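Take a look at the structure set out below.
These figures come from a predicted structure and were not determined experimentally. Every heavy atom of this structure was used, including side-chain atoms; hydrogens, water molecules and symmetry mates were not.
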Amino acid sequence: MKINAAGLLFPDWAYKPAWSPGSRQVQLWHFLLELLGRGEGSAIGWGGEWGEFVIRDPERLAKLWGERKGKPHMNYDKLSRALRYYYNKRILHKTKGKRFTYKFNFSKLILVNYPGYPPPGLQVIITSLQLMSKPPVLLLFHFI
DNA sequence: CGCGGAATTT
DNA sequence: AAATTCCGCG
């Protein structure tokens, strides 16, 4: 498991792309969950259904994503292509009829008492818990 | 917009 | 493998 700068916790498999020696790059869906975990005021927010999210400001989101990846020419056209690649990977699907709305393929519900967490002596507030289907489990914590 | 093929990059 | 880039199609 790995805790990123946003205080979110990702399992190791989430950082898998180790093809570039040592450069575990953040994946798009990590980034989305990170922003979603931050709550309001963002370019993206949770939607009505479980796992559903709405991109409120597509170009702004693309800009942020581009900054994260060092791709200054990123735009929504390209970002959305990446999102569509997630369809076959069973990570996301489109909420048809709802503009800029996608949905994570979360399955069941959760393991609040995940072994080893929170680390001893660390105060933690669990603000969101998600379960990915990719295969496994993703726990999102907010540390304070 | 949203989709997915194809070539290319990281 | 996971995008990024480009693009024709409905």
Using whole Å, report how far [atom1] of [X] lies from [atom2] of [N].
X     : N     : atom1 : atom2 : result
A:L79 : B:dC3 : CG    : C1'   : 15 Å
A:H93 : B:dC3 : NE2   : C1'   : 16 Å
A:R84 : C:dG8 : CZ    : C1'   : 13 Å
A:Y86 : B:dG2 : OH    : P     : 18 Å

Please state whether the phosphate of [N], meaning OP1 or OP2, lies under 4.0 angstrom from any side-chain nitrogen or oxygen of [X].
X     : N     : value
A:K69 : C:dT4 : yes
A:Y85 : B:dG4 : no
A:K71 : C:dT4 : no
A:W65 : C:dA3 : no
A:K78 : C:dT4 : no
A:K89 : C:dA2 : yes

Would you mind telling me which of [options] lies closest to the side-chain atoms of [X]?
X      : options             : result
A:F100 : C:dT4, C:dC6, B:dG2 : B:dG2
A:Y76  : B:dC3, B:dC1, C:dT4 : B:dC1
A:R81  : C:dC6, C:dA3, B:dC3 : C:dC6
A:L28  : C:dA3, C:dT4, B:dC3 : C:dA3

remark   = Between A:E52 and the options A:K96, A:K103, A:K98, A:K94, the salt bridge (charged side-chain N to carboxylate O under 4.0 Å, His left out) test singles out A:K98
ask   = What about A:F100 and A:Y76, are their ring centers closer than 6.0 Å?
value = yes
request  = Flag this pair as yes if the NZ/CZ of A:R90 is under 6.0 angstrom from the six-membered ring centre of A:Y86 and inside a 45 degree cone about the axis; otherwise no.
outcome  = no
ask   = Judged by atom type as modelled, is there a donor-acceptor pair below 3.5 Å linking the side chain of A:T101 to the main-chain atoms of A:R99?
value = yes
query = Has the side chain of A:R99 got a donor or acceptor atom sitting under 3.5 Å from an opposite partner on the base of B:dG2?
reply = no
message = By the 4.0 Å heavy-atom rule, please label A:K96 as base, sugar-phosphate, or nothing.
response = nothing
ask   = Do A:K63 and A:E59 meet the salt-bridge criterion of a basic N to acidic O distance under 4.0 Å?
value = no
